[in-house]
Amino acid sequence: MKLNLMLRHLLSGKSLAFAIIFFVSIGFVNIANAQLLAWQFALPQPSKGTEPSINATTNNEFLEIAQLTRGGGVQPKQGNSRGFSGNFGVDESYEDAQKSNAYFQFEVSPKKGYEVSLNRLDATLRRQEQSAHVYRWAYSLDGKNFVKIGDADVDVTFTGNNGIKQQSIDLSSIKALQKVSKKITFRLYAWGALTNQGKAIAFGFGKSDSKGSNALILDGTVTKK
């Protein structure tokens, strides 16, 4: 009842200007909700998997262009059509992977006047028989100090050629990733390779199907400050 009275007041001739301001302000409260960034590697042409970097194929207009890259310890020596992969060194732990710069990375950078709140991270990962296969996501607000995400490391046991979708990662409960107006850096550290030689040692994202399915997705909300 009170809401109806409010709307009648807002739409009266005397309050038309106020009504316009009211509804425009509502539009700015929730600028974007759902996919903020996503990568698919099939369209318009399939990736080779060895590109130095790949821009997000879905990129919210209120975020700077995001790129998926490799750390210095990951070598793009083997192809992975419709994916993005690399050869990791023979590391035995998260700490070893950090020291070796064995990671994939992307950044979430709100444009001036906007802030992000992150909800969920989804990835399809592909490994080979002797490749790195244990991983952990981490984030940083300064690009130097990284905080692990989740309660435990994850072991990818599936070795099918197309890879396998990983369990979604809930980001909504991480206070540091809510209402952030500065750059957030995400890294996927990986380790556990049996060797750094041979042809079955590639680990990474993909594969996207021929219709362009996303292999990496970041969901959240962008709002005006």
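For reference, positions follow the sequence shown, starting with 1.
Of the possible donor and acceptor atoms, none in the side chain of Ser85 sits under 3.5 Å from a partner among the backbone N and O of Gly204. Judged by distance alone, the side chain of Arg127 and the main-chain N or O of Val156 form a donor-acceptor pair under 3.5 Å. Judged by distance alone, the side chain of Gln75 and the main-chain N or O of Gly86 form no donor-acceptor pair under 3.5 Å. The main-chain N or O of Leu171 is found under 3.5 Å from a side-chain atom of Gln178 such that the two form a donor-acceptor pair. Of the possible polar contacts, none joining the Asn60 side chain to the Gln35 backbone as a donor-acceptor pair under 3.5 Å is found. With hydrogens and angles ignored, the 3.5 Å screen pairs no side-chain donor or acceptor of Ser81 with any backbone N or O of Lys48. Side chain of Thr57 to backbone of Ala38: a donor-acceptor contact under 3.5 angstrom is found. Checking side-chain atoms of Ser47 against main-chain N and O of Gly83 turns up a donor-acceptor pair under 3.5 Å. Not a single donor-acceptor pair under 3.5 Å links the side chain of Gln98 to the backbone N or O of Tyr94. A side-chain donor-acceptor contact under 3.5 Å links Arg136 to the backbone of Gly150.
Side-chain contact between Tyr114 and Leu63: absent, with no pair of heavy atoms (C-beta onward) separated by less than 4.5 Å. You'll find the side chain of His133 reaches within 4.5 Å of the side chain of Asp155, heavy atoms only. Looking at heavy atoms from C-beta onward, Asn55 lies in side-chain contact with Gln67 at the 4.5 angstrom threshold. Contact of the Leu216 side chain with the Leu121 side chain is registered, since non-hydrogen atoms from C-beta on lie closer than 4.5 Å. Proximity of Phe186 to Leu188: side-chain heavy atoms (C-beta onward) are nowhere separated by under 4.5 Å.
Note on residues 195-214: pairs passing ring-ring contact (aromatic ring centres under 6.0 Å, His included), not counting sequence neighbours, are Phe88-Phe203, Phe104-Phe205. Applying the side chain to side chain donor-acceptor pair (under 3.5 Å) rule to pairs touching residues 189-199 yields Arg187-Tyr189, sequence neighbours excluded.
Between Ala123 and Trp137, the shortest heavy-atom contact is CB-CZ2, 4.4 Å. Minimum heavy-atom separation, Ser173 to Asp170: OG-OD2, 3.8 Å.
Linking Ile, Leu, Val, Met, Phe, Trp and Tyr residues whenever their side-chain heavy atoms come within less than 4.5 Å leaves Ile54 and Ile217 in two separate clusters. A continuous path of ILVMFWY side-chain contacts below 4.5 Å connects Ile169 to Val147, so both sit in one hydrophobic cluster.
Under the ring pair (Phe, Tyr, Trp, His ring centres under 6.0 Å) criterion, Tyr139 pairs with no residue, sequence neighbours left out.
Put simply, NZ on Lys77 and OG1 on Thr50 are 13.0 Å apart, with the number rounded to the nearest 0.5 Å.
More than 12 heavy atoms of other residues, nucleotides or ligands lie within 6.0 Å of NZ in Lys111, so this atom counts as buried by the packing criterion.
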